[in-house]
Amino acid sequence: MFFTLNDPSHWAVFCFIFILHIDPNSLTMSPIRINGSPNGNVKTLGSAGTIFEAEDSDVLLRIMERPRAINVSFEERPSNELLSNHFECLSPHGRRSGFNSPRSCTSFEAHAMVGEAWENMKRSIVYYRRQPVGTVAAMDHSVEELNYDQVFVRDFVPSALAFLMNGEEEVVKNFLLKTLHLQSWEKMIDQFKLGEGVMPASFKVIHNPVRNREILIADFGESAIGRVAPVDSGFWWIILLRAYTRHTGDSSLAEMPECQRGMRLILTLCLSEAFDTFPTLLCADGCCMIDRRMGVYGYPIEIQALFFMALRCALLLLKQDQEGKEFIERIVKRLHALSFHMRNYFWLDLKQLNDIYRYKTEEYSHTAVNKFNVMPDSLPDWVFDFMPTRGGYFIGNVSPARMDFRWFCLGNCVAILSSLATPEQASAIMDLIESRWDELVGEMPLKICYPALESHEWRIVTGCDPKNTRWSYHNGGSWPVLLWLLTAACIKTGRPQIARRAIELAENRLSKDHWPEYYDGKTGRYIGKQARKFQTWSISGYLVAKMMLEDPSHLGMISLEEDKQMKPLMKRSTSWTC
């Protein structure tokens, strides 16, 4: 006899049987023997698209035995706490989840690309002494590997999220611990010693023939283009640690003395006092995802948004001991100053654009309106046409006498997820994306920045970089990995239809084009001229977007709710009143 889960009466019978098989005293389960096969292999409750293995009752038991938080907010509750998420999703063949078999939720109409993507993910896994520790950047063996055979911290984040969503926690935990171990290394570039808290940009597993064992080799910027240390690595590490803790409900990893010390070292670097007059972080060009000269030096939005999110994650992870309390106090003060600064001075909408257009210059007093002495004549022509009537965004950079009005996708999406953007600002960002779909999404999601630098400006800003020509790579290229960030932002703002539309665009080509790193052209029509194929974060970004859209509860791993106490009085224009 088969039970169909689409029939309410069968659901009632199933729930009754399920309850009878739980011993309230010992919390043990007896096997549910429904539709038992003669050979005793698989016993199932399900329809054609829904399968539940009775042998997986131990999975339910393990989940029920996990420590459960009481009276906690949405922010701190494990994402698998609801009973509906306690049933382990199985592959269409009824096998358990694992590197060899990704899970597939019953409500999820699997696309043919999903299975292929998971197979590629499995091949990308890097092992260190028989333990999975990350994924390589790309698996394109048709060209010179350069550093694409390494595990990059920022690149692994979407892979880690995919593994967590799929129930594969070991590789994420190993990655966090191995990179933490690398942080403790002495870091030298020429004769200069880097800060103790700097996290590596990447690492590689190699075989040492002398010791006849595998060893790790890390890159802290000494081998990078321009020799720039990765400012974002430490922030991504803290964000991923919080995602792991949030998803598993297990705080033991974050509470390890080593992890607590690692967080404090990262925070010491970015909270140190210097000559700064702004709460934002001063950075060199090439210190983040845009790792080449692209005019993002100063106070780039990507770093500021990641900085804000990492600080908020650290508040949730730091222990309330003496050292932890000292950092918590510093973090709270910085967050208040940073949120006010970003929401007021980095935010641009139609009214604010008009105000800047009418700015006076050379103002000297505390009452100055043009606080950064920005010259109205420096406003680029394109921004007047780009700005819609309703909508807005955080511009790329703000520093004395300089505003970079370019749109940067990662920074704006992280601003939404971290609640650096107020709910009204988050909604305005999504309005902008919808209004400027052809420019920001085009034929392949998603523009890393807009618009591209061209002609004389390209020569001056990039130094005639042949890889960052107009509408290519970091200079207006389209990056499929950004799909997961867009999807998360869409879900948080209640606009899942935008994400669905973008995912459908990606599904038209990504697999056929062998998962390129990026696309070129004003609309993203062409595979990037130097793009690696089988780029792991293009693959994992698609998987995370797909799984998150099908199960929005996964958003909790990477999203933070607004802190009402941090919301400043908005003195600047706001697009939602237009």
Side-chain angles (χ1 to χ4, degrees), residues 46-53 56 79-80 84-85 87-125 132 135-136 138-140 155-169 171-172 243 247 444-446 479-488 490-491 496-517 519 533-555 557-558:
S47 60
T50 305
I51 299 176
F52 174 74
E53 286 191 18
D56 278 348
S79 59
N80 56 5
S84 61
N85 289 334
F87 297 97
E88 180 173 3
C89 297
L90 303 174
S91 75
H93 303 291
R95 294 176 296 180
R96 292 178 183 271
S97 170
F99 287 134
N100 294 323
S101 174
R103 299 194 299 183
S104 175
C105 292
T106 59
S107 62
F108 175 50
E109 185 178 347
H111 193 281
M113 285 172 56
V114 173
E116 177 194 340
W118 277 113
E119 285 300 315
N120 286 318
M121 283 286 290
K122 181 181 67 174
R123 287 195 293 270
S124 74
I125 296 173
T135 52
V136 293
M139 297 169 288
D140 188 350
D155 292 39
F156 181 68
V157 171
S159 295
L161 296 178
F163 287 131
L164 288 174
M165 292 177 188
N166 196 45
E168 309 298 345
E169 300 161 0
V171 62
V172 182
H247 181 74
M444 175 58 69
L446 201 64
W479 291 68
V481 62
L482 297 173
L483 194 60
W484 79 266
L485 284 162
L486 174 68
T487 300
C490 288
I491 294 172
Q497 71 279 2
I498 299 178
R500 192 170 290 110
R501 183 181 174 191
I503 290 173
E504 288 174 356
L505 276 176
E507 287 177 338
N508 289 334
R509 292 192 56 188
L510 263 182
S511 177
K512 297 176 184 176
D513 295 337
H514 304 299
W515 308 92
E517 178 184 11
Y519 286 78
K533 301 291 184 70
F534 298 102
Q535 186 80 14
T536 303
W537 70 354
S538 294
I539 298 167
S540 59
Y542 166 73
L543 286 172
V544 171
K546 197 78 171 173
M547 288 189 286
M548 199 178 294
L549 196 61
E550 292 301 322
D551 184 0
S553 68
H554 289 314
L555 178 67
M557 279 196 291
I558 201 68

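Starting from 1, each residue takes its place in the sequence as its number.
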Query raised in the report: Side chain of H247, backbone of L164: donor and acceptor closer than 3.5 Å?
Result: yes
Quick one: closest heavy-atom pair of [X] and [Y], and the distance?
X: L510; Y: S538; value: CD1-O, 4.5 Å
X: I491; Y: P552; value: CG2-CB, 4.0 Å
X: L543; Y: M121; value: CD1-CG, 3.6 Å
X: M139; Y: N120; value: CE-O, 3.3 Å
X: A162; Y: V544; value: N-CG2, 3.6 Å
X: A499; Y: C490; value: N-SG, 3.6 Å

Using a 4.5 Å cut-off on heavy atoms from C-beta on, say whether the side chain of [Y] contacts that of [X].
X: M165; Y: M557; value: yes
X: Q535; Y: D155; value: yes
X: V481; Y: P158; value: yes

Query - Criterion side-chain contact (heavy atoms from CB on, under 4.5 Å) on W118 and I539, from CA distance to verdict - result: CA-CA 8 Å; W118 277 113; I539 298 167; over 6 Å; no
Straight-line distance of [X] [atom1] to [Y] [atom2], nearest 0.5 Å:
X: E507; Y: L483; atom1: CD; atom2: CG; result: 9.0 Å
X: M547; Y: Y542; atom1: CE; atom2: OH; result: 10.5 Å
X: I503; Y: L549; atom1: CD1; atom2: CG; result: 4.5 Å
X: E517; Y: W537; atom1: CD; atom2: CH2; result: 7.5 Å
X: L446; Y: L505; atom1: CG; atom2: CG; result: 10.5 Å
X: R500; Y: T487; atom1: CZ; atom2: OG1; result: 10.0 Å

Requested in this report: Measure up the F534 and H514 rings against each other and bin them: parallel (under 30°), tilted (30 to 60°), perpendicular (over 60°).
Outcome: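 Rings of F534 and H514: tilted, as their planes differ by 30° to 60°.
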**Report entry** Passing option when W515 is tested against R509, E116, K533 for side-chain contact (heavy atoms from CB on, under 4.5 Å)
**Finding:** E116
Requested in this report: Under the side-chain contact (heavy atoms from CB on, under 4.5 Å) rule, what do I558 and W484 come out as? Steps first, then yes or no, please.
Outcome: CA-CA 11 Å; I558 201 68; W484 79 266; 3.7 Å; yes
Requested in this report: Taking only Lys NZ, Arg NE, NH1 and NH2, and the carboxylate oxygens of Asp or Glu, determine whether E119 and K122 approach each other closer than 4.0 Å.
Outcome: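 K122 and E119: salt-bridged.
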Query raised in the report: Among side-chain atoms of T135 and S159, is any donor-acceptor pair under 3.5 angstrom?
Result: yes
